[in-house]
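Since the structure comes first, as structure tokens, the remarks are kept for the end.
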Amino acid sequence: MADYEFSKIEKKWQQYWEDQQTFKAEVNPSKPKYYALDMFPYPSGAGLHVGHPLGYIASDIVARYKRLKGFNVLHPAGFDSFGLPAEQYAIQTGQHPAITTEENITRYKEQLKNIGFSFDWSKEVRTSDPSFYKWTQWIFMQLFNSWYNKETDKAEPITALIAQFEHSGNRQGDGPRVFAVCDEDTPAFSNEDWKQMNEREQQEVLLKFRLTYLAEATVNWCPALGTVLANDEVKDGVSERGGYPVERKKMTQWMMRITAYAERLLQGLETVDWSEPLKEMQRNWIGKSLGAELDFKVTGNPVAHEDITLTVFTTRIDTIFGVTYLSIAPEHELIPQLTSPEQKAAVEEYISTAKNRSERDRMSDVKTVSGVFTGSYVINPLSGEKVQLWIADYVLAGYGTGVVMGVPSSDERDFRFANHFNLPIIYVIAGTETLENPCDVKYGQLINSGFLDGLDWKVAIQKAVERAEELGVGTAKINYRMRDAVFSRQRYWGEPVPVYFKDGIPYLIDESDLPLVLPEIDKYLPTETGEPPLGRAEGWKYKGKYPYELSTMPGWAGSSWYWYRYMDAQNDTTFASKEAIDYWKDVDLYIGGSEHATGHLLYSRFWNQFLYDLGSVPEKEPFKKLINQGMIQGRSNLVYRVNGTNQFVSYHLREQYETTALHVDVNIVDNDVLNLNAFKNWRTDFEDAEFILEDGKYLCGHEVEKMSKSKYNVVNPDDIIERFGADTLRLYEMFLGPLEQFKPWNTNGIDGSFKFLRKLWRLFHDEAGNLAVSDEAPTSEEWKVLHRTIHKVEEDIERHAFNTTVSTFMICVNELTTLKCHKRAILQEIVILLSPYAPHMAEELWQLLGNKDSITYATYPVFKPEYLVESIFEYPISVNGKVRAKITFSLDTTPAEIEKSVLASEHVQKWLEGKQPKKVIVVPKKIVNVVI
RNA sequence: GCGGAUGUGGCGGAACUGGUAGACGUGCCAGACUUAGGAUCUGGUGCCGCGAGGCGUGGGGGUUCGAUUCCCUCCAUCCGUACCA
């Protein structure tokens with residue numbers, strides 16, 4: 001009997017798809033497009049585990065579904081193939097990262113192909129391939145050649161800025177310099193000044209405007225990795241990869257001016273269909289806050305610099321009369337000039353301890369109050385009060401202006417600080433005077449506040465800003481938490497930066513010299529002089545004389561634009577043809593993990609906005625709809641060894657002994673029952689293991705944790721496919737639960753998915769295994785099953801509820817089995833519905849039904865509601881909300897008639913006990929409720 | 001601390017705009033065929049109760065004829081973030 005031979009079927013169709021190029025997508029303006037994208041993987045040495053394909057399966061289902069719905073679908077795959085692990089491996093073994101990467105990719109592709117994805121492999125991209133990173137470098141060059149014009153609110157060519165400088169310097173008329181986003185700390189110069197500058201000076205000025213620029217910045221330096229890291233690559237003061245300590249260090253680095261786009265990145269979130277938590281994460285990361293800047297004049301300055309003004313940023317200018325001191329970040333550069341001779345020693349000591357505190361210490365210990373008085377005083381510009389100027393390490397140099405006004409009566413930290421140093425407290429919000437902690441009430445009516453007295457805090461903010469502007473001592477101001485992104489990595493395995501240096505000034509290489517290919521080096525370590533590994537490349541100089549930039553680009557460079565390359569992956573004259581970009585436009589559905597919320601997804605939006613400004617791409621936002629698939633966690637199994645013996649006690653008996661729990665390979669455990677022989681053979685030290693069993697079995701304990709080799713809980717998709725087939729794997733992964741949710745992998749339930757497929761297979765075959773499909777006309781009952789299924793499946797896929805769809809299929813097949821339905825008209829449609837989920841079996845059955853072409857070209861069945869039309873409805877009859885009976889009425893029965901019959905029925909009479917009901921509610925096609 | 005999410009049987013999880021809670025799967029129980037196989041099929045399975053019935057969607061309160069669904073409040077777990085002025 002030819003039963004369901006999944007392995008044969010799956011190999012056959014995978015080969016067919018490859019040979020026929022079934023999924024090749026071509027630009028075709030006569031059809032609507034659909035772009036289904038997965039976050040491309042970094043090909044790690046460990047290969048895929050069962051959790052990785054989850055998102056790919058979901059996007060593949062959508063891709064296949066959309067094809068059936070008549071869309072021209074782009075569903076590509078590729079590899080984010082630059083990265084640290086391959087380089088670390090190279091350092092240890094000397095093997096070129098390109099070789100390791102190539103091997104890993106080969107394995108990944110093999111594993112992916114086993115699952116039967118409908119990827120168009122002809123469009124594969126790899127970020128480490130020169131034909132790809134040529135365009136990453138090209139985009140870098142465009143950024144270098146651009147500046148952000150505040151007036152037009154977009155990026156523009158740097159040549160326009162130079163023309164502007166030549167024409168009128170960096171100011172417009174007599175007004176303030178408003179036209180560039182990053183212009184605040186550039187001194188004003190006229191067109192004459194500009195012309196007076198030499199090449200070097202001009203380039204230095206321009207560097208302050210470019211969207212990628214070289215700057216000395218305080219960066220996250222990771223000594224163990226030998227490189228700097230971006231803010232999103234640092235978690236809790238240690239590197240995200242490897243967990244090594246990170247220090248703050250001043251270094252000259254390439255930066256990306258993402259801050260220029262802060263507002264657009266924030267606004268753009270309103271236009272995309274992403275989950276609210278993810279948008280919220282990006283909003284927090286951008287961290288917009290509305291406030292005001294206010295100038296405080298330093299008075300009685302001991303070092304005799306009378307003209308020093310300190311600017312603070314505050315969101316609560318309304319509390320200005322509550323200011324009792326000012327505090328300044330220890331890193332602030334004006335500190336030497338603000339310190340009185342008497343305080344000099346104390347200040348210097350404080351600053352040096354503050355500096356020596358590591359990031360992690362500073363983070364872990366936020367409660368300790370520390371600070372030192374500078375000896376200077378400042379004048380409150382609105383109240384005229386004179387207050388002390390302190391240095392405090394709770395003030396961050398990197399945010400706002402690095403100076404904060406201290407209002408102990410309405411800010412928690414200021415309150416603690418003031419208490420600690422016995423600074424005065426002025427209550428400015430009504431009702432806070434009597435409180436132990438005045439910060440408990442932050443909003444209300446103002447008191448003790450001069451011209452703001454009696455006003456509500458919101459009104460007071462407006463009033464105070466107006467006054468400050470009148471007096472010329474302040475202005476409303478928007479601040480963003482987000483910083484420009486560090487773009488240099490002192491690493492080998494990344495894109496070379498297409499820049500060379502002449503007289504210490506960076507210049508772009510000529511576009512015709514792209515790609516700037518990564519040179520060969522002998523060792524993948526920094527040079528003896530501490531330069532990045534590229535410093536080892538012999539004679540690596542532009543035109544043979546100018547040294548190249550030695551750092552490479554970060555991991556996120558290539559991934560910030562790769563979805564465009566898929567559209568036209570082979571093009572070598574542009575990153576993707578205009579024709580292809582105008583057709584495919586943007587990603588309709590993007591599926592990937594939420595760990596990229598503040599990294600990849602933000603950088604991609606940034607580069608996309610920039611490419612939009614250039615006119616290179618048509619959409620402002622690249623990813624219309626985004627789903628974060630939840631991670632599949634491991635489900636570890638544990639055995640309990642009696643201490644000091646080689647005896648293992650079964651799960652429920654373990655309490656009777658002193659035991660140690662050990663992880664055991666989940667692959668030798670079935671339904672939590674340990675395979676004793678396999679266990680003895682697993683490791684030599686368990687060879688003579690003895691077992692204390694319960695009910696003749698050894699039961700293991702279990703725990704949900706991350707899938708990892710050391711926990712022996714890694715399940716390999718290849719093993720599952722060998723035992724159950726790819727279609728079962730696909731169904732089961734979807735069936736596990738909602739896509740977005742985190743959930744543990746548990747092989748136990750997979751039988752159910754397998755049985756379902758076998759049941760379906762048997763609907764097509766007789767006892768002997770021969771095809772047994774009849775051409776008889778289906779009964780109305782059978783039509784009903786089919787159309788209910790069409791309707792439900794379509795609805796579920798559209799709202800991405802893949803788990804319930806699988807249930808729907810199971811119900812459908814169970815019903816057809818009960819009805820003994822073997823009718824072609826029904827089964828054929830069911831196969832089409834199923835094909836996105838279990839494509840191999842669908843293809844096989846499709847062919848058995850006599851179709852020649854791939855089921856990919858079939859048409860999605862049309863739902864006909866008339867098959868579901870009911871003429872009767874069985875009403876649940878509830879008494880006081882509790883269902884007591886069911887009565888069937890034809891649908892044209894009026895509510896009044898229903899009410900009458902219900903009341904007359906003996907079920908209800910029993911509950912009424914002769915009384916009249918208070919109320920009867922009849923909801924057509926829903927329920928009848930009798931209230932007594 | 002702040003922001004967000006989640007909370008339903010032994011377990012994974014259903015329930016679209018308030019309308020028969022627990023679909024589907026697994027597990028468990030019983031039976032059939034086999035004759036020990038971790039195969040297949042059928043039936044049962046939220047809890048208490050022999051039963052009628054009662055109780056049940058984290059706890060408490062509210063709106064409603066009716067609440068897993070809406071509102072308030074508390075609790076627990078997870079994720080993000082952290083002196084952002």
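Sequence lines set the chain letters: A, B, ... in the order given, protein chains first and strands last, and positions in each chain run from 1.
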For B:G12 and A:Lys743 - does any side-chain N or O of the residue sit under 4.0 Å from the phosphate oxygens OP1/OP2? no
With nearest nucleotide decided by heavy atoms, which residue, A:Thr314 or A:Asn675, maps closer to the 5′ end of RNA chain B? A:Asn675
Select from A:Glu280 and A:Gly400 the residue whose nearest nucleotide in RNA chain B is closer to the 5' end of that strand. A:Glu280
Report which part of the nucleic acid A:Lys755 touches: base, sugar-phosphate, or nothing (heavy-atom distance under 4.0 Å, all strands). sugar-phosphate
Is A:Glu795 salt-bridged to A:Lys792, going by a charged N under 4.0 Å from an acidic O? no
Does A:Glu906 CD have over 12 foreign heavy atoms under 6.0 Å away? no
Considering only atom P, compute the distance from B:G49 to B:U35 and round it to an integer number of Å. 41 Å
Using a 4.5 Å cut-off on heavy atoms from C-beta on, say whether the side chain of A:Arg283 contacts that of A:Leu266. yes
Go through the steps for A:Ile425 and A:Asn419 under the test side-chain contact (heavy atoms from CB on, under 4.5 Å), then give the verdict. CA-CA 9 Å; A:Ile425 297 172; A:Asn419 271 341; 4.0 Å; yes
Regarding A:Arg283, tell me which of base, sugar-phosphate or nothing describes its non-hydrogen contacts under 4.0 Å with the strands shown. nothing
Look at all strands and tell whether A:Pro738 reaches a base, only sugar-phosphate, or nothing, counting heavy atoms closer than 4.0 Å. sugar-phosphate
Quantified in whole Å, what is the C1' atom distance between nucleotide B:C70 and nucleotide B:C24? 28 Å
Report the base-pairing partner of B:A30 (Watson-Crick or G-U wobble, both distances below 3.5 angstrom), or none. B:U42
Between the protein and nucleotides 42-45 of chain B, list every N/O to N/O distance that falls short of 3.5 Å.
none

Would you indicate what A:Arg483 reaches in the nucleic acid, counting non-hydrogen atoms under 4.0 angstrom: base, sugar-phosphate, or nothing? nothing
Taking only the P atom of each, what is the distance from B:G44 to B:G25 in whole angstrom? 13 Å
Have a look at A:Asn803 and say if it touches a base, only the backbone sugar-phosphate, or nothing, with a 4.0 Å heavy-atom cut-off. sugar-phosphate
Within the structure, does a side-chain N or O atom of A:Asn814 lie under 4.0 Å from either OP1 or OP2 of B:C24? no
Do A:Lys743 side-chain atoms and A:Gln741 backbone N/O form a donor-acceptor pair below 3.5 Å? yes
Once you apply a heavy-atom cut-off of 4.0 Å, does A:Ile811 come out as touching a base, just sugar-phosphate, or nothing? sugar-phosphate
A:Val883 near the nucleic acid: base, sugar-phosphate alone, or nothing, with a heavy-atom cut-off under 4.0 Å? sugar-phosphate
P-based separation of B:U81 from B:G27 [nearest Å]: 40 Å
Salt bridge flag under 4.0 Å for residues A:Lys925 and A:Glu870: no
Does a side-chain N or O from A:Arg413 land closer than 4.0 Å to OP1 or OP2 of B:C84, or not? yes
NA contact type, A:Glu874, heavy-atom cut-off 4.0 Å: base, sugar-phosphate, or nothing? nothing
Using the P atom as the reference point in each nucleotide, state the distance between B:G66 and B:C55 in Å, no decimals. 15 Å
Please determine whether the number of non-hydrogen atoms from other residues, nucleotides or ligands lying under 6.0 Å from atom CD of A:Gln909 exceeds 12. yes
Could you identify the nucleotide paired to B:U64, looking across every strand shown and requiring Watson-Crick or G-U wobble geometry with both distances under 3.5 Å? none
Is there a side chain to side chain donor-acceptor pair (under 3.5 Å) between A:Tyr837 and A:Asp727 once you walk through the steps? CA-CA 7 Å; A:Tyr837 286 80; A:Asp727 285 339; over 6 Å; no
Using Watson-Crick or G-U wobble geometry with both distances under 3.5 Å, which nucleotide pairs with B:C78? B:G4
Mind checking the P distance from B:U57 to B:U8? Whole angstroms is fine. 11 Å
So, OP1 or OP2 of B:G13: does either fall under 4.0 Å of a side-chain N or O from A:Gln741? yes
Does B:U35 have a Watson-Crick or wobble partner in any strand here, with both distances under 3.5 angstrom, and which is it? none
Main-chain N/O of A:Ile797 paired to A:Arg799 side chain as donor or acceptor, under 3.5 Å: no
Going by purine N1 to pyrimidine N3 plus the second Watson-Crick contact, or the G-U wobble pair, all under 3.5 Å, which nucleotide sits opposite B:U57? none
A:Arg758 near the nucleic acid: base, sugar-phosphate alone, or nothing, with a heavy-atom cut-off under 4.0 Å? sugar-phosphate
Could you tell me how far B:A52 sits from B:A36 if I compare only their C1' atoms? Round to whole Å. 44 Å
